[in-house]
Trainee: 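Here it is, the structure in full.
It should be emphasised that the depicted structure is a prediction, and the values quoted were computed from it without experimental measurement. Labels below follow one simple rule: chain letters A, B, ... track the order of the sequence lines, proteins then strands, and each chain is numbered from 1.
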Amino acid sequence: MYNFVRKTKDTISEAWVKFVLMLIFLLPLVILASLLNKSWMVIQTSGIGDLLFSSVWRPMAGQFGFKPFIISSVYVTVLGLIITAPVCLLSAIYLTYYGSKRMTAFMQPIIDILAGIPSVIYGVWGVLIIVPFTGRFLAPLFGYESTGFSILSGGLVLAVMLIPFILNILIEIFRTVPHEQMEASLSLGASKWESIKHVAVRRSLPGIVSAFALGLSRAFGETIAVLMVVGNVVGIPRSPFDTGYPLPALIANNYGEMLSIPMFDSALMFAALVLLMVVVCFNLMSRYVIIFMEKRQ
Amino acid sequence: MENPIISIRNLNLYFEKQHVLKNINIEIPHNKVTVILGPSGCGKTTLLKTLNRLVDLHDHVKISGKIMLDDKDILVPNIDVTGIRKKMGLLSQKPSPLPMTIFNNVAYGLRINGLRGKRKLMPLVEKHLREANLWDEVKDRLRDPASRLSIGQQQRLCLARGLAVNPEIILADEPTSALDPISSTVIEQQFAELKKHYTIVMVTHVLRQARRIADHIVFMYLGEVIEQGPAREFFNNPKEQKTRDYLKGAFN
Amino acid sequence: MRKLLKTLEERFFFVLMAGSTAFLALLLLMIITIIVYKGLPSLTWEMVSQTPKGGYYFGREGGLLNAIIGSLYLASGAVALSLSISLPLALAMNVYFRNRKKLVNGIRFILDLLWGIPSIVYGAFGFTIMIYLGIRASLLAGIITVSIFILPIMVRAMDEVMKNVPLSLLESAFSLGSTRREVAFKVVTRQCFPGIITAVLLAFGRGIGDVAAVLFTTGYTDNIPTSLMDQTATLPLAVFFQLGSPIPEVQNRAYAAALILTVIILAISVATRLLSRKFHKTSIK
Ligand SMILES: Nc1ncnc2c1ncn2[C@@H]1O[C@H](COP(=O)(O)OP(=O)(O)O)[C@@H](O)[C@H]1O
Ligand SMILES: [Mg+2]
């Protein structure tokens, strides 16, 4: 009897584990298929080219040109990465090579908490601090007129949100640089900074590049925090102080009207599909960069 | 001893609370091969890394005593550490080529010291690769990543790289322990050649190797120096009981 | 001269590096300060014990109880649902199929991929499933969506600990005649229990804080949900929807919600930290 129960439990759990395994392989495909299926209608009627490169956005008339949104997304994302990259790199080097053990022990929870703060909180902070800062301080400084709800605010908020994400990867990467190589460089009379520059950073280059690529893809899909500070006006932004309307914000803002306008839901699912593809591409790319550059080394 | 190049006086070193080097007094003769001998864990590597102040990199190290090099104490806090390190080439247990080409590995130290331009670098790179007995094997693939070399070749590359900064002293920490017998022999022969121009301090725990190449021996045990002196005397006429036990293989 | 330049360069970068590291600490301080400063004055007893009166967007009276309870329901439900998949999956990778390197690496790759997908895409996906299954925006739809969204987070965190279970432990368990299920669900699960809890907390934090995944799927209501098919409010949605209101009292509710959410996240972070400290003391290495 005992053996029977045990056998049955084994059989059931074995089956469940296999089911779960199948599920995880199917999930990406199901996500892709369902978004593709939903956006098929708009792809059929407008064509991929028009959707991606037209800037005419008139949902009521059935015209869905995503160019303004795509450009906004790219603008905000790249700006965010440019702002965050030096901060991450410098802090990562400091925490790995200069900071004492106590310093690292003090900073690690700070980084973890920053990583855990929900994006809506970053959004509130952005609205309260970053938006006025851009509108009242930065814009006049550079001779622009701006309410503060702008591409730049989006970029700044994104930059802050990316810090813990990228920093953790970078620290991980620098820790894998063999101690012996740094010692070798030092014993040739190189200073600590020279050794870091020529050995640690150089060796980690593929990792650094892919960390930034992953950061980029994370930033591209970030929704709420950016939405709250970026202004959300349809149009191609001409300067960082202009308002923007990134893809994720477009999806999030229109969920209500989605079903009342024909094909609108299909168009929004197409936007989600674009986000998905970008993320998948960057993921694959960053992997490829690591493999490729490691071979060369 | 006449004119030792390095003399260590009352050196004590702690990692946190662990007393790793205990009141060390050593004199290292000029242009000879000095072998530091002892079972593993007795502090040989630590001693070597103290000589070129690589121990500075560790948290929580405490050092006291003096290490005199050319009549200057290198343990004083505001000394030019990179200058000291330049005087001593380090060969570590496992070869650690830098993540760059073979050529750049040797040129690295030269560039750090301000030498630029391939035309100036090339002859020097060749010279030092020859000194390390590696030139013939790599002359056609100087642009390959150093990591593609065999382990034995990598170790000789590290030697060439170290020689390129014109050291006075070569510190070698069990440099052949990761190598095949043939590469080991090449390194040993190279040392015999190099001692004409350099002082060599080599760590090993292989007795036979010490017999083959040592001019001078320092025997350490559990962080203390038990005995030191000319190699012949050390092997033929050891003074301490611990040394005799060690030579008989009692520790292995 | 060259030497001087070198020293200056190193000094310069040292200052930059130390500065940017200090900046991180300052940043966190700044964010928490502003959230507390704005939220604390509105965080009254009424706020946490009542639902909004007269509509969440216009009513000046009432509190956030609907969002607090809704968030807890949603996150707990999603974590529970996700656990039933993520735990077996992590065990599959580290016990059942530990010797199948290719398979395990394939799963890790998929998890990385899923982990990178933005929550808004999960939201959109959840919405399509909802329509396909014919259910309306509800607590259930939200739970399903969030559980998919936190799945990769959970599995990766568990995988991270289970990877480190020494092979010798598995071998000795197997040699006592245990089946794979017993080794997986008894030995490894017990050995990694604190790690599993950490994964659960991490996923709970992610689940409770996310807006984009639930935006299409949970709806929003002033009432506390009484069944899985009811619509529900959540804290991040309460922040998001009420912050845009022109009425100051409603805005204050948003700030209060932000503060409560932050406190929950901080509490989770502290708990995780305490747990991992304890874990290091007690695990078999
Ligand atoms: N970075 C370090 N931190 C703490 N203890 C260390 C460190 N490096 C070495 N030790 C300790 O110092 C002692 C001597 O080590 P080492 O010099 O490597 O010995 P050897 O090279 O003779 O084998 C050992 O007991 C080792 O545990
Ligand atoms: Mg050693």
Side-chain angles (χ1 to χ4, degrees), chain A residues 89 92-108 169-211 289-297, chain B residues 16 45 48-49 51-60 80-101 104-114 143-148 154 157-158 160-167 169-173 178:
Chain A
L89 203 52
I93 293 174
Y94 185 81
L95 288 172
T96 339
Y97 292 109
Y98 288 92
S100 62
K101 277 211 182 99
R102 265 180 57 205
M103 176 72 172
T104 326
F106 173 74
M107 287 305 293
Q108 193 57 53
I169 307 180
L170 287 182
I171 290 177
E172 197 86 352
I173 289 168
F174 281 126
R175 289 218 174 115
T176 64
V177 173
H179 214 58
E180 292 79 28
Q181 286 194 353
M182 290 298 283
E183 287 188 347
S185 168
L186 287 168
S187 56
L188 291 171
S191 68
K192 195 166 183 176
W193 175 245
E194 282 172 319
S195 306
I196 290 167
K197 243 186 350 184
H198 298 307
V199 178
V201 172
R202 181 187 186 119
R203 195 195 140 87
S204 313
L205 216 53
I208 295 172
V209 169
S210 73
V289 165
I290 289 191
I291 294 169
F292 174 75
M293 288 177 89
E294 250 160 27
K295 262 202 207 119
R296 259 190 11 177
Q297 208 161 70
Chain B
E16 313 219 30
T45 301
L48 218 55
K49 285 188 178 168
L51 287 179
N52 71 352
R53 301 238 341 221
L54 277 179
V55 278
D56 290 16
L57 300 185
H58 297 284
D59 272 354
H60 313 296
D80 168 27
V81 183
T82 55
I84 293 173
R85 288 188 186 140
K86 237 181 304 183
K87 283 188 188 163
M88 305 187 208
L90 177 74
L91 215 50
S92 54
Q93 210 160 340
K94 246 180 50 209
S96 52
L98 299 173
M100 43 188 85
T101 62
N104 284 338
N105 257 277
V106 185
Y108 182 83
L110 297 166
R111 289 207 179 101
I112 290 288
N113 291 305
R143 295 276 152 220
D144 277 9
S147 53
R148 287 214 200 127
Q154 286 184 12
L157 179 67
C158 292
R161 181 181 70 190
L163 294 175
V165 288
N166 264 329
I169 303 161
I170 297 169
L171 307 175
D173 186 3

Trainee: Under a 4.5 Å heavy-atom cutoff, which of B/L57, B/L90, B/L98 has the most pairs with chain A?
Mentor: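 Most heavy-atom pairs within the cutoff with chain A belong to B/L98.
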Trainee: Got a donor-acceptor contact below 3.5 angstrom from the A/E183 side chain to the B/L54 backbone?
Mentor: no
Trainee: Do other residues, nucleotides or ligands put more than 12 heavy atoms under 6.0 Å from A/Q108 CD?
Mentor: yes
Trainee: Taking all non-hydrogen atoms of both residues, which atom of A/E194 and which atom of B/Y108 are closest, and how far apart?
Mentor: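 Taking every non-hydrogen atom into account, O-OH, 3.9 Å.
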Trainee: Nearest 0.5 Å, please: how far is OG in A/S191 from CD1 in B/I112?
Mentor: 7.0 Å
Trainee: Parallel, tilted or perpendicular for A/H179 and B/H58, by the 30°/60° rule?
Mentor: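 Rings of A/H179 and B/H58: tilted, as their planes differ by 30° to 60°.
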Trainee: How long is the gap from OG on A/S185 to CZ on B/R161, to the nearest 0.5 Å?
Mentor: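 The OG atom of A/S185 sits 8.5 Å away from the CZ atom of B/R161.
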Trainee: Can you say whether B/P97 sits under 4.5 Å from chain A via the side chain, the backbone, both, or neither, judging by heavy atoms?
Mentor: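 Contact with chain A is through the backbone of B/P97 alone.
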Trainee: At what distance, to the nearest 0.5 angstrom, does CG of A/L186 lie from NZ of B/K49?
Mentor: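 Going from the CG atom of A/L186 to the NZ atom of B/K49 covers 11.0 Å.
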Trainee: Can you tell me if NZ on B/K94 sees more than 12 non-hydrogen neighbours from other groups inside 6.0 Å?
Mentor: no
Trainee: Do A/S187 and B/M88 touch side chain to side chain, with heavy atoms closer than 4.5 Å?
Mentor: no
Trainee: Measuring from B/M100:CE to A/R202:CZ, what's the distance to the nearest 0.5 Å?
Mentor: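 Atom-to-atom, B/M100:CE and A/R202:CZ are 4.5 Å apart.
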Trainee: Let me confirm one number: the NZ-NE2 distance from A/K101 to B/H60, rounded to the nearest 0.5 Å.
Mentor: 4.5 Å
Trainee: Hey, is CZ on A/R102 packed in by over 12 heavy atoms from elsewhere, all under 6.0 Å?
Mentor: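 12 or below, so no.
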Trainee: Atom CZ of A/R203 and atom OG of B/S147: how far apart are they, to the nearest 0.5 Å?
Mentor: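 Between atom CZ of A/R203 and atom OG of B/S147 there are 9.0 Å.
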